[in-house]
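Note that the numbering runs from 1 along the sequence shown for the chain. Atom set for the values below is all heavy atoms of this structure, side chains included, hydrogens, waters and symmetry mates excluded.
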Amino acid sequence: MLENIRFLAGYRRDWLFDADLVGTLRAVNLDGMSLGDAFRLLPECPRPLVKSAVPHLLWSGHVTTALDRPLSAGHVLRRAA
């Protein structure tokens, strides 16, 4: 779990992420979507930007997932309470 938290901490700085992209991802219902599917969600956007914005949403608490095993594309995202 600690390893996942350390990894996600790299995505904590809001100013590093495109606000429009983050806003678009926040507007999408990610609940029940796998991490891998979320990475492919916006094909019109550069994939590296999307792949960094999704962990930012995890860090910021917009979505959650189980952190008790190493993060992978199969992790399921849940809407934060």
What pairs of donor and acceptor atoms, side-chain ones from residues 65-72 against any protein atom, are under 3.5 angstrom apart with sequence neighbours left out?
unit_1	atom_1	unit_2	atom_2	d
T65	OG1	V76	O	2.7
S72	OG	G74	N	3.4
S72	OG	H75	ND1	3.4

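- Between E44 atom CD and T24 atom OG1 the span is 8.0 Å, to the nearest 0.5 Å.
- R79 meets the side-chain hydrogen bond (donor to acceptor under 3.5 Å, both in side chains) test with N29; sequence neighbours excluded.
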N/O donor to acceptor pairs below 3.5 angstrom from side-chain atoms of residues 45-53, sequence neighbours left out:
unit_1	atom_1	unit_2	atom_2	d
S52	OG	P48	O	3.3
S52	OG	L49	O	2.9

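- Here CG of L58 is found 9.5 Å from CG of N4. Values are rounded to the nearest 0.5 Å.
- Of all the heavy atoms in A38 and L30, the pair that sits closest is CB-CD2, 4.4 Å.
- Atoms CE and CZ, on M33 and F39 in that order, are 12.0 Å from each other to the nearest 0.5 Å.
- Scanning for salt bridge (charged side-chain N to carboxylate O under 4.0 Å, His left out) contacts around D14 gives an empty result, with sequence neighbours left out.
- Shown here are the side chain to side chain contact (heavy atoms under 4.5 Å, CB included) partners of R26, two or more places apart in sequence or in another chain: V22, L57, S60, H62.
- The ring-ring contact (aromatic ring centres under 6.0 Å, His included) contacts involving residues 12-37 comprise F17-H56, where partners must be two or more places apart or lie in separate chains.
- W59 and L2 are assigned to two separate hydrophobic clusters, defined by single-linkage of ILVMFWY side chains at heavy-atom distances under 4.5 Å.
- Looking at heavy atoms from C-beta onward, D31 lies out of side-chain contact with L77 at the 4.5 angstrom threshold.
- Shown here are the salt bridge (charged side-chain N to carboxylate O under 4.0 Å, His left out) partners of R40, two or more places apart in sequence or in another chain: D37.
- Considering only residues two or more places apart in sequence or on other chains, A73 meets the side chain to side chain contact (heavy atoms under 4.5 Å, CB included) condition with none of them.
- Under the rule for a ring pair (Phe, Tyr, Trp, His ring centres under 6.0 Å), the partners of Y11 that lie at least two apart in sequence or sit in another chain are F7.
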